[in-house]
Each structure stands twice: as structure tokens, then as C-alpha cells.
Amino acid sequence: MPREFEVREEIALDATPEQVWAAIATGPGVDSWFMGRNEIEPREGGAGRQTVLGVTGESTVTAWEPGVRFATRTQASPEGTFMAFEYLLEGRDGGSTLLRLVHSGFLDEDWESEYEALRVGDGMYLRKLAAYLRCFPGRTSVYDLFLAGSSATTREDAWARFGAAFGLAGWPVTPGRPMILSVPGLPAETGTVLFASYGFLGAVTASSLYTLVHGHHGLMVAQQHCFTGEPARERAQAAWQAWLG
């Protein structure tokens with residue numbers, strides 16, 4: 001039987017409510033830090049679509065208060081599972097914003113592992129949102145990759161592969177540590193580690209936001225949000241698919 005869940009997170013963002021709204025409530029904004037290809041009809045009752053790994057899910061905008069509150073709910077599955085997202089924005093002094101997220105709904109029989117993945121992943125994606133707003137203000141990505149590949153048998157195996165991809169040796173890896181993109185087929189590019197915990201390793205360079213994930217059931221995921229268009233999408237996709245394989 002489906003089981004109810006709820007995750008609550010909040011984060012202080014160095015961006016105005018208008019900037020945060022553009023990042024969470026428009027398709028190009030969401031594409032620039034979240035996952036997949038996103039479309040959002042800008043009104044309460046509007047349609048939303050998210051395409052990840054070739055699968056498109058549909059949702060409905062349940063709240064539309066620009067700069068204040070944005071919420072969506074996915075269509076329910078035949079088993080009764082669904083997800084709802086509510087974002088609450090509060091402007092602060094100095095042009096910053098406090099963002100609160102409530103992620104709720106019903107999950108299937110694999111409740112515990114799915115809930116843990118969502119609980120950890122929600123916090124990680126909010127940190128990625130913060131990095132996007134800080135590092136690429138006023139811009140949206142030229143292209144976005146969300147690719148999945150072979151499962152890593154252990155967490156240690158996943159971290160070793162992550163470290164090799166970002167030119168990192170030795171653990172733990174702390175935010176702010178220098179890195180260098182070291183994926184065969186891609187140009188070497190220096191950057192900085194954003195986060196490294198619970199199966200997630202994020203980094204930013206002058207061109208892109210990167211996230212490597214050791215996810216649900218050990219699945220390996222590589223994400224790139226490229227803001228310059230270089231290297232070309234086809235080259236980047238081929239290189240990351242080879243790395244995942």
C-alpha cells in the first residue's frame with residue numbers, strides 16, 4: 001500500500017525573490033539546476049511537464065503567487081503514488097531570500113529507501129540551486145545533461161570514480177576544495193567543489209554546474225548544466241556516457 005511522506009527544507013539564498021522565482025517557476029530556470037527538461041505554464045491550474053531519461057511526467061500548478069508561493073502536484077499513478085512540491089519565498093534584507101520547501105506525497109512499497117533518497121536529495125538540490133544563483137546570476141543553461149549508467153557495487157567504488165572524474169585524491173572532500181575536470185573526451189577545466197556527502201559530489205567551473213550521484217539501488221548519474229555551450233552538447237554527452245559505462 002502507498003505510504004505518505006513529507007520532507008521539509010529551507011535555505012538562505014543570496015538572490016532576490018524575483019531571481020529565485022525565475023529559477024524555480026520557469027522551465028529554463030528549473031532546467032539550469034534541477035533535472036531533465038521542464039515546462040511550466042505560468043498560472044494556477046497550469047500544466048507542468050518534466051522529461052527525465054526519456055520519460056515525461058505531468059503535473060499541475062496548484063499555487064502561483066509570483067515572488068511568494070509556487071506549488072505543483074504530479075498526476076497520481078494507478079497505485080495512488082504522487083509527489084507535491086511547495087516553495088515559499090520570504091524576502092530578506094540585502095536582497096536575499098529565505099526559501100522553504102515542502103515535498104510531500106505518497107510512495108510505493110519501497111518506502112524507506114525512496115524516502116531516504118528524497119530526504120537527502122532535496123537538500124542537495126537546494127544547495128545546487130544556491131550555487132546556480134550565486135555563480136550564474138541572470139543566466140540560464142545552454143544545455144543540460146542527465147545521464148544514468150551502470151550501478152556501483154559499493155559506496156567506496158562510487159567515490160573512487162567520482163574522485164577520478166574531478167581530479168580529487170583523498171577523502172573526505174570538503175566544499176571549496178579545488179578540482180579539475182578529468183573525464184576522457186572533455187577538456188580539462190578547473191573549478192571548485194560545492195558539496196560532497198551521502199552519495200553526491202557537486203562542482204562548479206567557469207562553464208558548468210556538475211553533479212555526480214550514487215543513487216537509488218546504486219545507480220550512477222552524471223549531470224551537467226552548461227552555460228557557455230562549450231564543449232558541444234554531443235561531445236559532452238558522449239564523454240559522460242562513456243564514463244558511466
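In this chain, residues are counted from 1 in sequence order.
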Can you give the donor-acceptor pairs under 3.5 Å from side chains of residues 131-139 to other protein atoms, not counting sequence neighbours?
residue	atom	partner	partner atom	Å
Tyr132	OH	Arg139	O	2.5
Arg139	NH2	Phe227	O	3.1

Side chains of Leu181 and Tyr210: closer than 4.5 Å at any heavy-atom pair? yes
Would you give the length of the straight line joining atom CD of Glu9 to atom CZ of Arg119, rounded to the nearest 0.5 angstrom? 8.5 Å
Salt bridge flag under 4.0 Å for residues Arg43 and Glu41: yes
For Met35 and Asn38 the tightest heavy-atom approach is O-ND2, 3.1 Å
Under 6.0 Å between ring centres, would you say that holds for Phe5 and Trp111? no
For Phe82 and Phe106, take the angle between the two ring planes, folded into 0 to 90°, and tell me which bin it lands in: parallel under 30, tilted 30 to 60, perpendicular over 60. tilted
Linking I/L/V/M/F/W/Y whenever any side-chain heavy atoms sit under 4.5 Å apart, do Tyr125 and Leu118 land together? yes
Contact check, side chains of Leu89 and Val68, non-hydrogen atoms, under 4.5 Å: no
Tightest non-hydrogen contact, residues Phe166 and Ala203, listed as CE1-CB, 3.7 Å
Ile24 versus Phe70, closest heavy-atom pair with distance: O-CE2, 3.3 Å
Is there a donor-acceptor pair closer than 3.5 Å between any side-chain N or O of Thr205 and the backbone N or O of Gly191? no
Answer yes if the side chains of Glu79 and Thr81 hold a donor-acceptor pair under 3.5 Å, and no otherwise. no
Is it the case that the side chain of Ser96 and the backbone of Asp93 share a donor-acceptor pair, with hydrogens and angles ignored and the cut-off at 3.5 Å? yes
Can you tell me how far the CD atom of Glu112 sits from the CG atom of Leu107, to the nearest 0.5 Å? 11.5 Å
Just to verify, which of Leu168, Asp157, Leu201, Val173 counts as forming a side-chain contact (heavy atoms from CB on, under 4.5 Å) with Phe162? Leu201
Here the gap from Arg161 atom CZ to Leu244 atom CG, rounded to the nearest 0.5 Å, amounts to 7.0 Å
Side-chain heavy-atom pair Phe146, Asp31 within 4.5 angstrom cut-off: no
Within one Ile-Leu-Val-Met-Phe-Trp-Tyr cluster: Ile11 and Val204, side-chain cutoff 4.5 Å: yes
Quick check on Arg8: does its CZ atom have over 12 non-hydrogen neighbours (other residues, nucleotides or ligands) under 6.0 Å away? no
Reported OG-to-CZ distance for the pair Ser32 and Phe34, which is rounded to 0.5 angstrom: 13.0 Å
Over 12 foreign heavy atoms within 6.0 Å of CG, Asp108: yes
Is a side-chain donor-acceptor pair under 3.5 Å present for Thr51 with Thr56? yes
Do Met124 and Leu126 share a hydrophobic cluster (ILVMFWY, side-chain heavy atoms under 4.5 Å, transitive)? yes
Could you state whether Met83 and Ile40 fall into the same hydrophobic cluster, counting links through intermediate Ile, Leu, Val, Met, Phe, Trp or Tyr residues with side-chain heavy atoms under 4.5 angstrom apart? yes
Between Glu44 (side chain only) and Glu65 (backbone N and O only), is there a donor and an acceptor less than 3.5 Å apart? no
Heavy-atom distance under 4.5 Å between the side chains of Lys128 and Leu194, does that happen here? no
Side chains of Trp33 and Thr211: does their closest heavy-atom pair fall under 4.5 Å? no
Using side-chain contact (heavy atoms from CB on, under 4.5 Å), reason through Val221 and Phe200 one step at a time and then give a plain yes or no. CA-CA 10 Å; Val221 173; Phe200 296 94; over 6 Å; no
Exercise: identify the closest heavy-atom pair between Val193 and Ala196: CG1-CB, 4.5 Å
Tell me whether Thr26 contacts the main-chain N or O of Gly29 through its side chain, where contact means a donor paired with an acceptor under 3.5 Å. yes
Considering all heavy atoms, the nearest Thr97-Ala15 contact: OG1-O, 2.6 Å
Quick one: CG on Leu53 to CG on Leu147, what's the gap to the nearest 0.5 Å? 7.5 Å
Listed by chain and number, what are the side-chain contact (heavy atoms from CB on, under 4.5 Å) partners of Thr62, not counting sequence neighbours? Ala71, Arg73
Considering all heavy atoms, the nearest Pro172-Arg177 contact: O-NH1, 3.8 Å
Please tell me if the side chains of Ser208 and Cys226 come closer than 4.5 Å, counting only heavy atoms from C-beta onward. yes
Is it possible for you to say whether Ile180 and Phe195 belong to one hydrophobic cluster, with membership spreading through side-chain heavy-atom contacts below 4.5 Å? no
Result for side chain to side chain donor-acceptor pair (under 3.5 Å) between Ser207 and one of Glu189, His225, Gln224 points to Glu189
Atom pair CG (Leu129) and CG (Leu13), whose distance is rounded to the nearest 0.5 Å: 5.5 Å
Side-chain touch Trp243/Leu186, heavy atoms, less than 4.5 angstrom: no
Is it the case that more than 12 heavy atoms not belonging to Arg37 sit under 6.0 Å from its CZ atom? no
